[in-house]
Amino acid sequence: MKVLVIGGGAREHALCRSLSLDPEVTSLHCAPGNAGIAEVAELHPVDALDGAAVADLAASLGADFVIVGPEAPLVAGVADAVRERGIDCFGPSREAAALEGSKAFAKDVMASSGVPTARSYVCTTPEEIDVALDAFGAPYVVKDDGLAAGKGVVVTGDLATARAHALACVGAPPRPSGPRGRVVIEEFLDGPEVSLFAVTDGETVVPLQPAQDFKRALDADEGPNTGGMGAYSPLPWADPTLVDEVERTVLQPTVDELRRRGTPFAGLLYAGLAITSRGVRVIEFNARFGDPETQVVLARLRTPLAGLLRAAATGQLAGFPALRWSEGAAVTVVIASYNYPDTPRTGDPITGLAEVAEKDEHVYVLHAGTRAADDGRIVSAGGRVLSVTATGSDLAKARERAYRAVDRIELEGGHHRTDIAAKAAEG
Ligand code: AMP
Ligand code: GLY
């Protein structure tokens, strides 16, 4: 199978790594990719948001199968453009990807299918915003309706901050032109967060193993929200029935509802969950693999990846053999650039990568924002730069290996959290 992966982050590096280990994959391509992915796949420049350009590339390569990594191309309809060219593609249609692209749409789908989530108001005016903020009280949760690359959500105890973000989302005061934006204001959910991914063909749902992500920039969950600073799997503290329960109460009803609406969701359904004192609630849906959770989930998946994703893309998940998992654990630690998540500095040299690769077969470094400079050195090219991933018989072992490798890697001005999986590993 000739496979083309779209994207260029550590998630796509994790996907490419797993695909490169799958005997069914005879040729692997990635667009645009990054300096790490270049070691396992042939890279091609492409505007990932341009459906026609992606479809042209897939056709010119003679690709049998395209996998779209990030949300923006999905929301832009890139998967549709590839399928229209007669090429199998893993990734939901533009309409189904609205589950991630519009928080208001996701709320509406959950309401129709009885999926448990935070109570919420969708607001377009300052008056509605005030009513909603008053109804729930502090802590306030204010979400931009559209895609905002992890920056659209503000959780704060401060009313003025909450109100200012909500007003900025709807574009008041005063917005020069164009339609008013929408903002979702919802009740605060307490309790630990879990990311659960499911592969689905629009009808059958196959959940993967759960993971936990660390969203804040600094240790002890301090600092601003980020795309994710680290992750681990499995979750030793979670109820063993969690996956079955979420499949029954969240994943299957959501997939059934989208099919009923005539916009079936085929691809990766990512449920961001809060395990609250009143039960499981959906915080958000995403329409693609999560980053950095994918790095740890795929580190443990033993079932070859290409066949699983192709079965989802071609409506053949019913009867797919039960997934196989390693018994062990995986931990990934993100190394981010200076000033991430604000305005990350790029172009800083990275050293120690070769040494890590040689030292320990249980550790590998997945690249996010990296590129090869003209002199061949690897330099940073984005906010999240590397995902240092390790496996082990348990979380403590995997964690120790990951941090030993992190200590060997030097990125000027870079930072990472030191407490990824620390609590879970103790348990
Ligand atoms: P989202 O982009 O919807 O995943 O939100 C980003 C982060 O904000 C989540 O991972 C949570 O940590 C936090 N968050 C979002 N919604 C809520 C909520 N209703 N209650 C508490 N925290 C939330
Ligand atoms: N790790 C959070 C996300 O992928 O959205």
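No hydrogens, no waters, no symmetry mates; every other heavy atom, side chains included, goes into these values. Both counts, for ligands and for their atoms, begin at 1 and track the order of listing.
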field: Atom indices of ligand 2, in the order listed, that fall short of 4.0 Å to a heavy atom of D213
entry: 1 (N), 2 (C)
message: Closer than 4.0 angstrom, basic N to acidic O: yes or no for R384 and D291?
response: yes
message: Is there a polar contact between ligand 1 and L189, counting only N or O atoms under 3.5 Å apart?
response: yes
statement: If we number the atoms of ligand 1 from 1 as shown, the ones under 4.0 Å from a heavy atom of E186 are 16 (N), 17 (C), 18 (C), 19 (N)
- request: Mind telling me whether F197 and F289 have parallel, tilted or perpendicular rings, with 30° and 60° as the class edges?
  value: perpendicular
query: Under a 4.0 Å N-O cut-off, is there an ion pair linking R401 with D360?
result: yes
field: Subset of ligand 2 atoms that lie under 4.0 Å from at least one heavy atom of E293
entry: 1 (N), 2 (C)
task: Could you list the atoms of ligand 1 found under 4.0 angstrom from a heavy atom of E193?
output: 9 (C), 10 (O), 11 (C), 12 (O)
- request: Please report the C-alpha distance between K143 and E186 in whole Å, then the side-chain angles of each, then the deciding distance to 0.1 Å, and finally whether the salt bridge (charged side-chain N to carboxylate O under 4.0 Å, His left out) criterion is met.
  value: CA-CA 8 Å; K143 303 184 171 188; E186 66 180 33; 3.1 Å; yes
task: Considering the heavy atoms of R288, write down every atom of ligand 2 situated less than 4.0 Å from one of them.
output: 3 (C), 4 (O), 5 (O)
message: Is there a polar contact, in the sense of an N or O pair closer than 3.5 Å, between D291 and ligand 2?
response: yes
field: Proximal atoms of ligand 2 relative to N286 (non-hydrogen, under 4.0 Å)
entry: 5 (O)
field: Any K103 heavy atom less than 4.0 Å from ligand 1
entry: yes
query: Taking heavy atoms and a distance under 4.0 Å, where does K143 meet ligand 1: side chain, backbone, both or neither?
result: side chain
- prompt: With atoms numbered from 1 as shown, which atoms in ligand 1 lie under 4.0 angstrom from a non-hydrogen atom of V141?
  reply: 16 (N), 17 (C), 18 (C), 19 (N), 20 (N)
- request: Answer yes or no: is there a donor N or O on one side and an acceptor on the other, between the side chain of R259 and the main chain of G202, under 3.5 Å?
  value: yes
message: Tell me whether the NZ or CZ atom of R417 lies within the 45° cone about the ring axis of F214 and under 6.0 Å from its centre.
response: no
- request: Taking only Lys NZ, Arg NE, NH1 and NH2, and the carboxylate oxygens of Asp or Glu, determine whether R261 and D108 approach each other closer than 4.0 Å.
  value: yes
- request: State plainly whether the residues R278 and E187 are in salt-bridge range, i.e. N to O under 4.0 Å.
  value: yes
message: Suppose I only count heavy atoms of F188 and a 4.0 Å limit; which atoms of ligand 1 are within that range?
response: 20 (N), 21 (C)
message: Can you tell whether the side chains of K423 and E426 come within less than 4.0 Å, N to carboxylate O?
response: no
task: Considering the heavy atoms of G290, write down every atom of ligand 2 situated less than 4.0 Å from one of them.
output: 4 (O)
message: Looking at N286 and R288, would you say the former's side chain and the latter's main chain have a donor-acceptor pair under 3.5 Å?
response: no
- prompt: Do any heavy atoms of F289 fall under 4.0 Å from ligand 2?
  reply: no
message: Show the atoms of ligand 2 that are less than 4.0 angstrom away from any heavy atom in Y270.
response: 1 (N), 2 (C), 3 (C), 4 (O), 5 (O)
message: Under 4.0 Å from a heavy atom of G227: which atoms of ligand 2 are those, numbered in the order shown and with their elements?
response: 1 (N), 2 (C)
